[in-house]
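Have a look at the structure below, then the notes.
As the structure is a prediction and not an experimental result, all values here were calculated from the model.
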There are 2 protein chains.
Amino acid sequence: MSKSHRSHCPITCSLDLIGDRWTLLIIRDMMFFKKQRFEEFLESAEGISTNILANRLKSLEEMNLVEKLPYSNHSRRMNYQLTEQGKSLRPVLKAMIAWGLKYIPDTKIPDDDVTYQ
Amino acid sequence: MSKSHRSHCPITCSLDLIGDRWTLLIIRDMMFFKKQRFEEFLESAEGISTNILANRLKSLEEMNLVEKLPYSNHSRRMNYQLTEQGKSLRPVLKAMIAWGLKYIPDTKIPDDDVTYQ
DNA sequence: CGGGATCCGTCTTGATACTG
DNA sequence: CAGTATCAAGACGGATCCCG
């Protein structure tokens with residue numbers, strides 16, 4: 001990710017940026033589950049380890065898909081939030097949700113939840 | 001890819017199946033560029049190596065996104081074609097194309113071409 | 001305590017050479 | 001032409017440590 005582009009193809013370039021097993025999961029957490037903190041991503045993203053998470057958050061910042069803001073003046077706590085460019089990935093995630101729900105057995109949206117909107 | 005699911009989340013599961021740097025590129029070649037043969041994918045998919053291509057094609061077959069058909073009786077040539085399930089990934093690719101074109105500099109659709117439809 | 005960095009063993013990926 | 005074998009490089013998981 002975030003390496004030099006392999007081509008001018010928008011699919012190839014998109015995959016260069018977000019085509020791994022974790023990046024879109026972190027964006028999902030921010031977009032649909034309103035997660036904002038390191039520890040929340042750790043819990044939510046099915047088994048990501050701390051070094052990988054730190055690495056992906058840094059990449060996402062460098063790609064301007066996410067911005068890192070201090071939680072308050074008196075805490076080291078950080079908030080990670082989607083930028084406009086990050087939010088614009090919603091149609092991509094929605095398309096994947098629709099495809100997954102239709103074609104992958106056992107995928108579902110939790111009924112007690114209004115997520116994925 | 002094609003390992004056991006990490007969860008019931010349709011995004012996570014979709015990423016388990018197609019969330020790597022090559023799989024969607026091969027599907028792009030079949031869907032938009034009408035490629036069907038091993039060698040065509042090798043040329044088109046910006047530097048994929050033969051073992052990775054063979055591996056991904058096998059995975060795609062096992063996931064029933066692609067089917068492998070003999071080209072003729074008297075040739076070892078194989079044709080790889082999208083199944084209905086594979087074709088149903090079009091909206092995902094279209095969403096990535098739209099995002100890439102809008103947010104990644106230097107991405108473009110070749111003007112002499114009517115691809116990506 | 002939150003947010004990482006570092007180290008290490010393992011698993012995955014990939015470039016290259018080779019084969020039917 | 002369409003792959004397989006080999007082996008090196010890199011990505012990853014988990015534990016541990018660190019720093020404010």
Side-chain angles (χ1 to χ4, degrees), chain A residues 1-7 12 15-27 29-30 33-63 66-81, chain B residues 1-7 12 15-27 29-30 33-63 66-81:
Chain A
M1 285 167 320
S2 69
K3 305 299 182 304
S4 62
H5 293 164
R6 288 177 283 184
S7 80
T12 309
L15 291 173
D16 282 340
L17 298 181
I18 57 171
D20 75 299
R21 283 167 56 85
W22 297 113
T23 299
L24 282 179
L25 236 40
I26 297 168
I27 292 175
D29 284 343
M30 295 184 189
F33 299 155
K34 310 305 179 200
K35 311 279 184 185
Q36 299 196 99
R37 294 188 301 102
F38 193 91
E39 206 184 42
E40 291 179 303
F41 303 133
L42 267 190
E43 292 167 11
S44 176
E46 285 90 20
I48 193 172
S49 46
T50 60
N51 55 347
I52 301 296
L53 176 56
N55 173 296
R56 292 304 186 277
L57 286 170
K58 195 193 296 181
S59 294
L60 282 165
E61 250 197 290
E62 289 167 1
M63 295 187 279
V66 162
E67 57 186 344
K68 180 181 183 175
L69 303 164
Y71 180 82
S72 79
N73 287 336
H74 302 295
S75 164
R76 302 277 160 302
R77 212 175 250 201
M78 291 294 162
N79 267 8
Y80 295 90
Q81 293 176 14
Chain B
M1 285 167 320
S2 69
K3 303 301 182 299
S4 62
H5 293 164
R6 288 178 283 184
S7 80
T12 309
L15 292 173
D16 283 340
L17 299 181
I18 55 172
D20 76 299
R21 283 167 56 85
W22 298 111
T23 299
L24 283 179
L25 236 41
I26 297 168
I27 292 174
D29 283 344
M30 295 184 189
F33 299 154
K34 310 303 178 201
K35 311 279 184 186
Q36 298 196 101
R37 293 188 301 101
F38 194 90
E39 203 184 42
E40 291 180 304
F41 302 133
L42 268 190
E43 291 168 12
S44 176
E46 285 89 22
I48 192 171
S49 45
T50 58
N51 57 344
I52 300 296
L53 176 56
N55 173 297
R56 293 303 187 278
L57 286 171
K58 195 194 295 182
S59 294
L60 282 164
E61 249 197 292
E62 289 167 0
M63 296 188 280
V66 162
E67 56 186 345
K68 180 182 184 175
L69 304 164
Y71 180 82
S72 77
N73 286 337
H74 301 296
S75 163
R76 220 171 315 103
R77 205 176 257 199
M78 291 293 161
N79 266 9
Y80 295 91
Q81 293 176 13

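Across all their heavy atoms, B/R37 and B/M78 have their closest contact at CG-O, 3.4 Å. The minimum heavy-atom distance between B/L60 and B/I26, with the atom names listed, is CD1-CG2, 4.0 Å. Taking each heavy atom of B/W22 and B/G47 in turn, the nearest pair found is CH2-C, 4.0 Å. Smallest separation of non-hydrogen atoms from B/F41 and B/L57: CE1-CD2, 4.0 Å. The shortest heavy-atom contact between A/R21 and A/L25 is O-CD2, 3.8 Å.
For the pair A/I52 CD1 and D/dG10 C1', the interatomic distance rounds to 11 Å; values are reported in whole Å. Nucleotide C/dT13 holds its P atom 14 Å from the CG atom of B/L53, rounded to whole Å. In this structure, B/D20 places its CG atom 8 Å from P of C/dG14, rounding to the nearest Å. As a whole-Å value, the separation of A/R56 CZ from C/dA5 P is 14 Å. If you measure from atom CZ of A/R21 to atom C1' of D/dG10, you get 16 Å, rounded to the nearest angstrom. Atom-to-atom, CZ of B/F38 to C1' of C/dT19 comes out at 13 Å; the value is rounded to the nearest Å. One can place CE of B/M78 at 6 Å from P of D/dG3, the figure rounded to the nearest angstrom. Rounded to whole Å, atom P of C/dG14 lies 11 Å from atom CD1 of B/I26.
Not one N or O on the side chain of B/E43 forms a donor-acceptor pair closer than 3.5 Å with the backbone of B/E40.
Distances from the side chain of B/R77 to the nucleotides C/dT13, D/dC1, D/dG3 place D/dC1 closest. Picking from D/dA2, D/dG3, D/dC12 the nucleotide with the shortest atom distance to the side chain of B/R37 gives D/dA2. Comparing C/dA5, D/dC1, D/dG3 by their closest approach to the side chain of A/A54 singles out C/dA5.
Using a 4.0 Å heavy-atom criterion, one finds that B/Y80 contacts the sugar-phosphate atoms exclusively.
One finds a side-chain N or O of B/K68 lying less than 4.0 angstrom from the OP1 or OP2 phosphate oxygen of D/dG3. Look at A/W22 and you won't find any side-chain N or O under 4.0 angstrom from OP1 or OP2 of D/dA11.
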Quick one, give me the B/S/- string for nucleotides 14-20 of chain D, reading 5' to 3', where B means a protein heavy atom under 4.0 Å from the base and S means that only happens at the primed atoms, P, OP1 or OP2. BB----S
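A salt bridge is absent between B/D29 and B/K34; no separation between the charged side-chain nitrogens and carboxylate oxygens falls under 4.0 Å.
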